[in-house]
Amino acid sequence: MGTVRRTQISSICLLCLLFIAGFAYRSLWMKLPSDPNFGMNSPSCNNLGPASLEQELHVLMKAIEWPEPPGPIDYEFSTSPFKTEFHMPFPRATYYVGEYVEVLITARDQRGQPKTYGGDYFQAKLHSPKLKAGVTGSVTDHRNGTYTASFLLLWPGQVEISIRLVHSSEAIAILKDKRETRPDKVSYFGYFYGTSEKTECNVELLGPNVCEYNDIYTGESWFCKRPKQISCSAYKGHSMAGNRNVLTAREAKFLNQSVREKLISSKVGAFIVLHPKNKTALQKQDIFGKSPVPQLAIDTTHKFVVQWQVHQKPVTMQYIDKEELHYIANDLDKIGGSKEGLVIVINCLAHFVSFSNKFYVRRLLTIRDAVLRLVQRNPLVKVFIKSGNTGYLYSHGSDWLSLQLDLIMRAMFSSLPVTILDAWQITSCHYEPQLLHPGPVIVKNQIDLMLSFICPTDEETTS
């Protein structure tokens, strides 16, 4: 992490560590229920034994547990987005802002027969094409082939409901298996001084001729196959190598684009929402939708500095030198306790989607403990953790895989005084296409909300 000269700027330094994102993200405060297994009394990662790691991992895996098909999977019995439908079981003549509306999803297989078990992944939103506003629906799996999607009515006018099947439960079973058993599905090249040879690298490599690069502070490791004519110490950087096809022809059918990320049909049309009976009911509700980066930016007019730093491997990108990559925990530990106006933004999710949950949990443990140490040194620091966002449509990626990591992240930081930057809610209900790197209007909305937690209000500045 670079250093910042403060002599000509201000005694108040706004320092944002935007790991990977490169942008400040709009935030939404979320406080999850505390769990005694997480948070303030966590041991440091260096002192975390295998038993403690496994215990926390067990608790987290229970928290994100997902229903599985009851037996061997067959494509004919998998959920079809073209046969699945939803309806409104209790339609009413009038709806008011502040109320909830529910629809019932009935999953059907490729033959059109009702499913008898759950585990499908649906994304639901209620939206207004005219206002370009939307809200995410909460989907409850009844584990019998039916699901309830519930929406809070936030604004008056005409609204519509859209629900899409992201993955069938059968496809998710395949994703889970490949996530845990095939870390090599995304591969990397390692480069070395003194030779043009490049070798395979990854977070896990087996075999005798392997170089291990261990960080003594976090305990994290990176592995590369040993070059033929030069020592392991000549390692200088890495790049993305490519994706391996780890699916059989039978498995690929479940994850084909023809049956994933598809809207399901319904006879539920647009309906009108009226102004609330109690006009003060939703005064503070927010409606989402309406409204390489430089490593150092200095604004002498407004007196702040923004610093950006790439997180340590795995990073899926073109060649990057090893000196440019830092473990987030190590950079946080270098920050002193006397920086006034300090703001930290951490984004550490998208590049971990193709790896095991255990690997991600261990990385977050190092970051969580470093955040805790920083807060103890500087109680006034503002720490933001950016959530995942929808739109992970790349090979070996999936919104379901992202959702799993997002839930893990929220649980692990739930007991710490941090703010979750809820990009997931914003991107999942927005009118713009869902992209892993969202469009400018979404980024602007996220920045605006994040700044609302940092910048003083008019009342505060005049008091």
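The residues of the chain are indexed from 1 along the displayed sequence.
- Taking the six-membered ring where the residue is Trp, Y191 and F189 present perpendicular rings, their angle passing 60° and hence far from 30°.
- Under the side-chain hydrogen bond (donor to acceptor under 3.5 Å, both in side chains) criterion, E85 pairs with no residue, sequence neighbours left out.
- With sequence neighbours excluded, no residue satisfies side chain to side chain contact (heavy atoms under 4.5 Å, CB included) with S196.
- In summary, R164 and E261 engage in a salt bridge, as defined by a charged side-chain N under 4.0 Å from a carboxylate O.
- In this structure a side-chain-to-backbone donor-acceptor pair under 3.5 Å is present from R377 to I335.
- Residues T419 and K382 have side chains that never bring a donor and an acceptor to within less than 3.5 angstrom of each other.
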Inset, instruction - Show your working on side chain to side chain contact (heavy atoms under 4.5 Å, CB included) between V361 and L364 and close with a plain yes or no. - result: CA-CA 5 Å; V361 168; L364 287 192; 5.8 Å; no
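- Proximity of W66 to I172: side-chain heavy atoms (C-beta onward) are separated by under 4.5 Å at one or more points.
- Residues in residues 202-214 take part in no salt bridge (charged side-chain N to carboxylate O under 4.0 Å, His left out) pair, two or more places apart or across chains.
- For the pair R410/D422, a side-chain contact is recorded, criterion being any heavy-atom separation below 4.5 Å from C-beta on.
- Residues that satisfy the side-chain hydrogen bond (donor to acceptor under 3.5 Å, both in side chains) test with E65, not counting sequence neighbours, are absent from this structure.
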Legend entry - CA sep, side-chain torsions, deciding dist, call: D333, Y217, side chain to side chain contact (heavy atoms under 4.5 Å, CB included): CA-CA 10 Å; D333 283 338; Y217 301 105; over 6 Å; no
Inset, instruction - For side chain to side chain donor-acceptor pair (under 3.5 Å), just list the numbers for S428 and T136, CA-CA rounded to whole Å, side-chain angles, deciding distance to a tenth of an Å, and then say yes or no. - result: CA-CA 7 Å; S428 64; T136 302; 2.8 Å; yes
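- D74 is linked by a side chain to side chain contact (heavy atoms under 4.5 Å, CB included) to E76, F77, counting only residues two or more places apart in sequence or in another chain.
- Across all their heavy atoms, P438 and N389 have their closest contact at CG-ND2, 4.2 Å.
- Nearest heavy atoms, V135 versus W155: N-CH2, 4.1 Å.
- For the salt bridge (charged side-chain N to carboxylate O under 4.0 Å, His left out) condition, the pairs that include at least one residue of residues 351-360, sequence neighbours left out, are E54-K358.
- The shortest side-chain heavy-atom distance between V375 and L416 does not fall under the 4.5 Å cut-off.
- C224 has its SG atom at least 2.5 Å from the SG atom of C211.
- In this view, H167 satisfies the ring pair (Phe, Tyr, Trp, His ring centres under 6.0 Å) rule with no residue, not counting sequence neighbours.
- A donor-acceptor distance shorter than 3.5 angstrom exists from the side chain of T199 to the backbone of K225, with no hydrogens or angles considered.
- Between K115 and E170 there is a salt bridge, with a side-chain nitrogen of the basic residue lying less than 4.0 Å from a carboxylate oxygen of the acidic one.
- With sequence neighbours left out, the side-chain hydrogen bond (donor to acceptor under 3.5 Å, both in side chains) criterion links K176 to E68.
- Sparse packing is recorded around NZ of K253, with 12 or fewer heavy atoms of other residues, nucleotides or ligands lying under 6.0 Å away.
- Annotation for H142: atom NE2 counts as buried by contact number, over 12 foreign heavy atoms lying within 6.0 Å.
- In this view, T427 and T390 satisfy the side-chain hydrogen bond (donor to acceptor under 3.5 Å, both in side chains) rule, not counting sequence neighbours.
- For the pair S168/V259, no side-chain contact is recorded, criterion being any heavy-atom separation below 4.5 Å from C-beta on.
- The side chain to side chain contact (heavy atoms under 4.5 Å, CB included) test applied to S80 returns F82, K83, Q110, not counting sequence neighbours.
- Of the possible polar contacts, one joining the K322 side chain to the Y235 backbone as a donor-acceptor pair under 3.5 Å is found.
- Looking at heavy atoms from C-beta onward, I346 lies out of side-chain contact with V418 at the 4.5 angstrom threshold.
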Inset, instruction - Run the numbers on H87 and K267 for side chain to side chain contact (heavy atoms under 4.5 Å, CB included), then give the verdict. - result: CA-CA 7 Å; H87 70 280; K267 294 181 180 179; over 6 Å; no
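- Considering only heavy atoms from C-beta on, Y360 stays 4.5 Å or farther from M412 through its side chain.
- At distances below 3.5 Å, at least one donor-acceptor pair connects side-chain atoms of Q309 with backbone N or O atoms of E324.
- Counting only heavy atoms from C-beta outward, the side chains of N357 and M61 approach each other to under 4.5 Å.
- The environment of K178 atom NZ is dense: over 12 non-hydrogen atoms of other residues, nucleotides or ligands sit within 6.0 angstrom.
- Partners of P129 by side chain to side chain contact (heavy atoms under 4.5 Å, CB included), not counting sequence neighbours, listed by chain and number: H127, E160.
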Legend entry - Check against side chain to side chain contact (heavy atoms under 4.5 Å, CB included), M409 and F352: CA-CA 12 Å; M409 177 272 296; F352 292 78; over 6 Å; no
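- A side-chain donor-acceptor contact under 3.5 Å links S187 to the backbone of G242.
- Of all heavy-atom pairs spanning S398 and L175, the tightest one is OG-CD1, 3.7 Å.
- For the residue pair I367 and C348, the shortest heavy atom distance occurs at CD1-SG, 4.0 Å.
- The neighbour count for Y319 OH, taken as heavy atoms of other residues, nucleotides or ligands under 6.0 Å away, is above 12.
- Across all non-hydrogen atoms, the minimal contact from Y327 to S221 is OH-N, 4.3 Å.
- Contact detail for Q318 and S239: the closest heavy-atom pair is C-CB, 3.9 Å.
- A search for ring pair (Phe, Tyr, Trp, His ring centres under 6.0 Å) contacts involving Y117 returns nothing, not counting sequence neighbours.
- Here H238 and Y213 keep their ring centres 6.0 angstrom or further from each other.
- Counting only heavy atoms from C-beta outward, the side chains of Q312 and L325 approach each other to under 4.5 Å.
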